[in-house]
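This chain uses plain numbering: 1 for the first residue, then up along the sequence.
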Amino acid sequence: MIRLPDGDGTLRPYHPRPAPAAHAPGDAAGTAEPLVSRTVLAAAHVVADPLADTTPDGPAAVDWDATLAFRRHLWSHGLGVAEAMDTAQRGMGLDWPTAAELIRRSAAEARAVGGHLACGAGTDQLPAAGGTLEQVRAAYEEQLALVEGAGAQAILMASRALAARARGPEDYAEVYGHVLRQAAEPVILHWLGPMFDPALTGYWGSADLDAATETFLAVIAEHSDKVDGVKVSLLDAGRETALRRRLPDGVRCYTGDDFHYPELIAGDERGFSHALLGVFDPLGPLAAEAVRVLDTGDTAGFRALLDPSVPLARHLFQSPTRYYKTGVVLLAWLAGHQEHFTMVGGLQSARSLPHLARAYELADGLGLFPDPERAETRMRRLLALHGVDA
């Protein structure tokens, strides 16, 4: 029994799962057979170097061995990896030079094991304010060239710099059109909502999501030969479904909705979403198992496996949503994928102890920990560090 703190300052008893987890990691030396019915990308976190002498606003210090080992873990289950994205603390501790090195290293690792890799190309080498649209275009081009040069698929990330400089929808159309024409292969366009990054409020030229959707769809329609798919992270299942039904033929929808992913991936009689999700970082083995069931045509079995994970996802991504990475890294530590709970930028402090305790409880209830005793021991250690008699 372990006592976990609630938000009101009280401690309540919790009895951890005693049996080995049902969804333990597989053999990270290779990759499983690919998933068939859906393309599934897990946006992966980075493992910080806890011994580096750095500061929250200094260059990121990454434990490369542990970071790449986690990618091999995801590939070992047949999942793809979305690299250098929001989950990797892009723009929240992971600076562009380190992200560029991460992309190069992950691309080499993907070639070695035959893993599917897509990488974020953005404009975060630019300052938050000032500059011109020409500089935004050039920044996108630089990052796109690096991703494609590494042999990975590009994900054009939403740009804080563009959001700060654009005067209206026409500026988005001009910048994205210019960059898409430079792409050697079809890319994934990423629409990240302001709940994930407040600096992206009004993206596509309007705070009115209906108007923004029209601009987004117009860009896709004009350059559909250069768009493999779109990742939509607005946490609005109805809006995503409506947008999905209006995409040109051949352009896929990758759900980025960490609240409604089971129903969106399952789909309906008019289509379905593929997935590019941060929540599949901690849920990787379970998600892969569920999609393999879906591959057989068993939608009910897929939902039976994945639906119970939604309370954990909603907890991790609760407001302020952008701090979900803290819970993701906590679960990676508890599951044994890294030896510490330290994050680049000091982001391990971004969630409260009661929040982290609840994340542990929900993940343990799902059987996400390969070694529940190790997870309990580590959780006790974290509680003791905060002065809680566990």
Side-chain angles (χ1 to χ4, degrees), residues 4-8 42-48 50 54-58 60-62 67 70 82-95 98-99 120 122 124 128 157-158 160 163 190-201 203 231 233-236 256-261 276-284 309-335 337-338 340-363 368 378-379 382-383 385-386:
L4 300 178
D6 283 328
D8 60 3
H45 74 282
V46 294
V47 182
T54 187
T55 61
D57 58 354
V62 174
T67 294
F70 189 77
E83 187 58 277
M85 300 293 292
D86 186 58
T87 306
Q89 296 179 241
R90 193 77 177 267
M92 289 187 69
L94 190 73
D95 53 285
T98 311
D124 47 327
M157 302 174 70
R160 290 176 179 173
H190 186 191
W191 185 358
L192 191 68
M195 67 288 294
F196 288 92
D197 187 344
L200 300 176
T201 300
Y203 211 73
K231 169 178 157 57
S233 300
L234 298 175
L235 303 183
D236 184 331
D257 188 330
D258 300 278
F259 284 2
H260 307 99
Y261 50 93
L276 198 168
L277 287 161
V279 77
F280 280 4
D281 178 301
L283 293 181
S309 69
V310 171
L312 171 62
R314 287 178 174 266
H315 178 74
L316 294 175
F317 286 78
Q318 68 183 213
S319 183
T321 303
R322 62 189 180 277
Y323 295 129
Y324 75 88
K325 299 95 163 171
T326 303
V328 165
V329 174
L330 171 83
L331 297 183
W333 173 56
L334 296 177
H337 295 298
Q338 56 193 78
H340 59 84
F341 178 40
T342 302
M343 299 175 66
V344 298
L347 208 64
Q348 67 271 11
S349 64
R351 289 293 200 188
S352 70
L353 188 63
H355 177 93
L356 300 177
R358 181 59 176 158
Y360 159 71
E361 183 179 3
L362 290 168
L368 295 185
R378 290 185 170 183
M379 193 65 211
L382 181 65
L383 291 167
L385 180 65
H386 286 79

Evaluate the criterion side-chain contact (heavy atoms from CB on, under 4.5 Å) for residue pair Met92 and Tyr323; output intermediate values, then yes/no.
CA-CA 9 Å; Met92 289 187 69; Tyr323 295 129; 3.7 Å; yes
Report the C-alpha separation of Ser233 and His190 in whole Å, then their side-chain angles, then the decisive distance to 0.1 Å, and conclude whether the side-chain contact (heavy atoms from CB on, under 4.5 Å) test is met.
CA-CA 8 Å; Ser233 300; His190 186 191; 3.5 Å; yes
Please determine whether side-chain contact (heavy atoms from CB on, under 4.5 Å) holds for the pair Leu353 and Leu383, giving the CA-CA distance in whole Å, both sets of side-chain angles, and the decisive distance to 0.1 Å.
CA-CA 8 Å; Leu353 188 63; Leu383 291 167; 4.0 Å; yes
Given the rule in the side-chain contact (heavy atoms from CB on, under 4.5 Å) test, do Leu368 and Leu362 qualify, once you have shown the distances and angles that lead to the verdict?
CA-CA 9 Å; Leu368 295 185; Leu362 290 168; over 6 Å; no
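To the nearest 0.5 Å, the span separating CG on Leu277 from CG on Leu283 amounts to 9.0 Å. How far CG of Leu356 is from CG of Leu330: 5.0 Å, rounded to the nearest 0.5 Å. Interatomic distance, Asp258 CG to Arg314 CZ, rounded to the nearest 0.5 Å: 10.5 Å. To the nearest 0.5 Å, atom CG of residue Asp86 and atom CZ of residue Phe196 are 7.0 Å apart. Put simply, OH on Tyr203 and CG on Leu200 are 7.0 Å apart, with the number rounded to the nearest 0.5 Å.
Remark: the backbone N or O of Pro194 is not paired with any side-chain donor or acceptor of Thr201 at under 3.5 angstrom. The backbone N or O of Leu94 sits nowhere less than 3.5 Å from a side-chain atom of Gln89 that would complete a donor-acceptor pair. The backbone N or O of Ala60 sits less than 3.5 Å from a side-chain atom of Asp95, completing a donor-acceptor pair. Judged by distance alone, the side chain of Thr67 and the main-chain N or O of Val46 form no donor-acceptor pair under 3.5 Å. For Asp257 (side chain) and Asp236 (main-chain N/O), a donor-acceptor pair under 3.5 Å exists by modelled atom type.
Looking at every heavy atom in both residues, Gly278 comes nearest to Val328 through O-CG2, 4.5 Å. Pairing each heavy atom of Leu234 with each of Met195, the nearest pair is O-CE, 3.4 Å. Closest approach of Ala332 and Gln338 over heavy atoms only: CB-OE1, 3.6 Å.
Contact of the Thr98 side chain with the Val344 side chain is not registered, since no non-hydrogen atoms from C-beta on lie closer than 4.5 Å. No side-chain heavy atom of Met157 sits less than 4.5 Å from a side-chain heavy atom of Leu192. Inter-residue side-chain proximity for Phe341 and Pro50 is flagged as unmet; no heavy-atom pair is nearer than 4.5 Å. In this structure the side chain of Pro354 never reaches within 4.5 angstrom of the side chain of Leu4, judged on heavy atoms. Contact of the Thr342 side chain with the Val329 side chain is not registered, since no non-hydrogen atoms from C-beta on lie closer than 4.5 Å. Between Tyr360 and Arg378 the shortest side-chain heavy-atom distance does not fall below 4.5 Å. For the pair Lys231 and Trp191, the minimum side-chain heavy-atom distance is 4.5 Å or more. Counting only heavy atoms from C-beta outward, the side chains of Thr87 and Val279 never approach each other to under 4.5 Å.
Ion pairing between Arg322 and Asp197 fails under the 4.0 Å rule for side-chain N and carboxylate O. Looking at Arg90 and Asp124, a side-chain N of the basic residue comes within less than 4.0 Å of a carboxylate O on the acidic one, giving a salt bridge.
Residues passing the ring-ring contact (aromatic ring centres under 6.0 Å, His included) test with His340, sequence neighbours excluded: none. The side chain to side chain donor-acceptor pair (under 3.5 Å) search around Asp281 returns His45, not counting sequence neighbours.
Within the structure, salt bridge (Lys or Arg N to Asp or Glu O under 4.0 Å) pairs that include any residue of residues 343-362 comprise Arg12-Glu361, Arg358-Glu361 (at least two apart or interchain).
Ring planes of Phe317 and Phe259: perpendicular class, angle over 60° (limits at 30 and 60°).
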